[in-house]
Amino acid sequence: MSTARMNRRSVISEAVAPWSDIAQLLRGGEAGTLIPVIIPRHRRRLWWMLPLWLGLFALLTGVMLSLREADSDGAADFAYATLAGLAYAAGGLLLVIGALWWWRSSIVEIEQGTNGVLTRYGAVTRTLDAGRHYLWHPWSRVDFVVDTATEIPYSAPVMACPTQENVPLRSIEFFLKFRITDAVRFVRTIGAGNFDLVLSSAVQDAIRQRARKMRTERAYDLRGSDVADMQELLNRQLERYGVRITGSNIPDVQLPTQYQQHLATRERVAKERTAYEQEWGLTRKRRIDSLGMDIERAKKVRDARIVEVKAALNNAREQVAQLLEEQETNAQRVRFEIETRGRSGLISAENEARAQRALAKAYRDNRAVLQYELARRRLEVGAELASKAPQPVVVRTDGGSGDTSALSTLLAAQLLPRMTSLPAAPTRSSADGQPAGDGDG
């Protein structure tokens with residue numbers, strides 16, 4: 001789509017045209033202009049009243065001549081009669097011509113798919129549907145013919161529309177279709193020319209609000225996006241004018257030239273990336289196939305090794321079973337030996353325990369004898385110890401002789417150790433002939 005096509009905005013207006021051109025203007029417009037309202041150029045004038053008044057005047061003239069004929073005689077009577085006949089004929093003819101002219105001028109044909117706004121003395125009385133209508137009242141006329149069936153296309157490009165990053169888009173083309181639902185409200189409330197300004201302003205406001213929510217890099221997402229919310233907003237704004245929008249979309253978005261170059265670079269990089277990804281996909285597929293073949297070979301080797309391992313495992317299990325049987329046999333033999341030794345030890349322990357019990361019983365029986373022997377030995381040991389105890393020597397230095405000298409004291413000190421070191425006298429033997437110190441306890 002060219003820039004000239006993008007920059008062209010639809011124009012809605014109304015036109016004044018004769019009845020014969022109404023269908024052509026409503027369907028095709030005029031020089032690219034949308035014309036939903038036609039103001040008919042009326043052929044209806046009040047000239048049809050002139051023959052009626054003249055006919056009435058001629059009839060009155062005929063009546064007057066007939067009265068004059070009654071008062072005259074002779075040639076005058078014939079003249080008045082002739083004039084009265086001519087007056088009657090002219091009056092009747094004029095009345096017929098006036099009636100036909102009135103009938104023909106009262107016919108109004110409304111084009112299919114349009115409504116005519118009927119006024120009387122300038123006030124709107126009603127709307128006329130498609131078809132032929134007769135307006136007998138002289139001052140009744142169709143002031144407007146409004147297209148109410150056609151969905152009128154409207155294109156409104158919005159220029160320099162800023163995005164969320166405040167980057168002005170070159171243009172956003174908004175296309176909609178609207179239909180006039182109430183002809184009287186439309187022509188009396190706003191009119192076609194004013195409606196063009198209101199619709200253009202509303203569309204630009206809605207587009208700018210939508211663009212402000214979009215990032216520049218996602219501006220192309222506006223093309224073909226869902227604009228149901230915008231359509232609903234426009235319908236709420238235009239409902240009071242008797243107009244309803246039946247469809248809308250965003251066919252094209254034009255970005256700034258520099259940004260388009262950036263996007264072209266991005267697209268080129270994206271294409272190169274796609275080509276690289278495809279190439280990498282092929283390489284990856286080849287590698288995957290090679291790895292798959294290696295995996296299959298590894299699986300075969302693994303299966304062979306698994307068979308070998310299973311065979312070795314079976315051999316090992318047989319050897320382990322054989323070793324277990326041998327170990328169980330040895331364990332059984334050792335267990336029997338241990339049980340035999342245990343039984344022998346148990347019997348020996350039981351015999352020894354019996355002997356110890358017998359010995360303990362004998363010891364209990366000889367307890368009194370042993371106590372007696374112990375007491376006797378105690379006495380013998382005490383006597384032996386008493387005999388071997390040192391004897392005290394008393395040297396009197398403070399005697400009554402009064403002969404105490406240093407020489408006598410020195411001699412006494414030298415002789416005392418010798419006296420104490422003499423062996424004691426042997427004790428007598430015990431009653432059974434053994435020495436006193438040889439008891440066996």
Side-chain angles (χ1 to χ4, degrees), residues 284-394 413-441:
R284 183 170 175 267
K285 184 177 180 181
R286 287 196 299 268
R287 291 182 179 179
I288 290 174
D289 295 339
S290 178
L291 288 175
M293 296 176 63
D294 294 341
I295 290 171
E296 292 296 331
R297 287 195 296 269
K299 285 182 178 180
K300 293 179 180 179
V301 174
R302 184 196 62 182
D303 294 339
R305 290 184 178 179
I306 287 174
V307 172
E308 294 177 357
V309 169
K310 286 183 178 180
L313 183 62
N314 293 330
N315 294 331
R317 286 177 178 174
E318 292 177 357
Q319 293 177 3
V320 169
Q322 185 176 359
L323 289 175
L324 288 175
E325 290 179 358
E326 293 178 357
Q327 292 294 331
E328 288 180 357
T329 304
N330 293 332
Q332 190 73 18
R333 180 174 54 79
V334 172
R335 185 180 62 189
F336 288 157
E337 292 178 356
I338 292 173
E339 288 179 355
T340 303
R341 286 198 300 268
R343 289 192 187 95
S344 300
L346 181 59
I347 293 171
S348 299
E350 289 177 352
N351 293 332
E352 186 177 358
R354 291 192 191 96
Q356 292 293 333
R357 283 197 298 271
L359 182 60
K361 185 176 181 183
Y363 282 161
R364 283 196 301 273
D365 294 340
N366 296 331
R367 183 176 182 181
V369 178
L370 293 175
Q371 290 179 354
Y372 172 74
E373 289 293 335
L374 180 61
R376 185 176 63 78
R377 288 187 179 184
R378 286 178 180 174
L379 291 176
E380 290 179 356
V381 169
E384 186 176 357
L385 291 175
S387 63
K388 292 182 178 181
Q391 297 295 324
V393 177
V394 179
Q414 291 179 357
L415 291 175
L416 281 176
R418 294 179 181 178
M419 291 177 65
T420 56
S421 62
L422 292 177
T427 59
R428 67 181 185 87
S429 302
S430 60
D432 55 0
Q434 294 181 355
D438 296 336
D440 52 0

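Side-chain atoms are counted along with the backbone in the values below, which use heavy atoms only and exclude waters and symmetry mates.
Rounding to the nearest 0.5 Å gives a distance of 11.0 Å between CD of Glu328 and CD of Glu326. Atom-to-atom distance recorded for Glu325:CD and Gln322:CD is 7.0 Å, nearest 0.5 angstrom. To the nearest 0.5 Å, the span separating CG on Asn351 from CD on Gln356 amounts to 12.0 Å. Distance check, rounded to the nearest 0.5 Å: CZ of Arg317 to NZ of Lys310 gives 10.0 Å.
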request  = Could you please spell out the steps behind the side chain to side chain contact (heavy atoms under 4.5 Å, CB included) verdict for Thr329 and Arg333?
outcome  = CA-CA 6 Å; Thr329 304; Arg333 180 174 54 79; 5.8 Å; no
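When side chains are defined from C-beta on, Val334 counts as touching Ile338, because their heavy atoms get closer than 4.5 Å.
Legend: salt bridge (Lys or Arg N to Asp or Glu O under 4.0 Å) pairs involving residues 287-296, not counting sequence neighbours, sorted by first then second residue: Asp294-Arg297.
For Glu352, the CD atom counts as loosely surrounded, since its 6.0 Å shell holds 12 or fewer non-hydrogen atoms of other residues, nucleotides or ligands.
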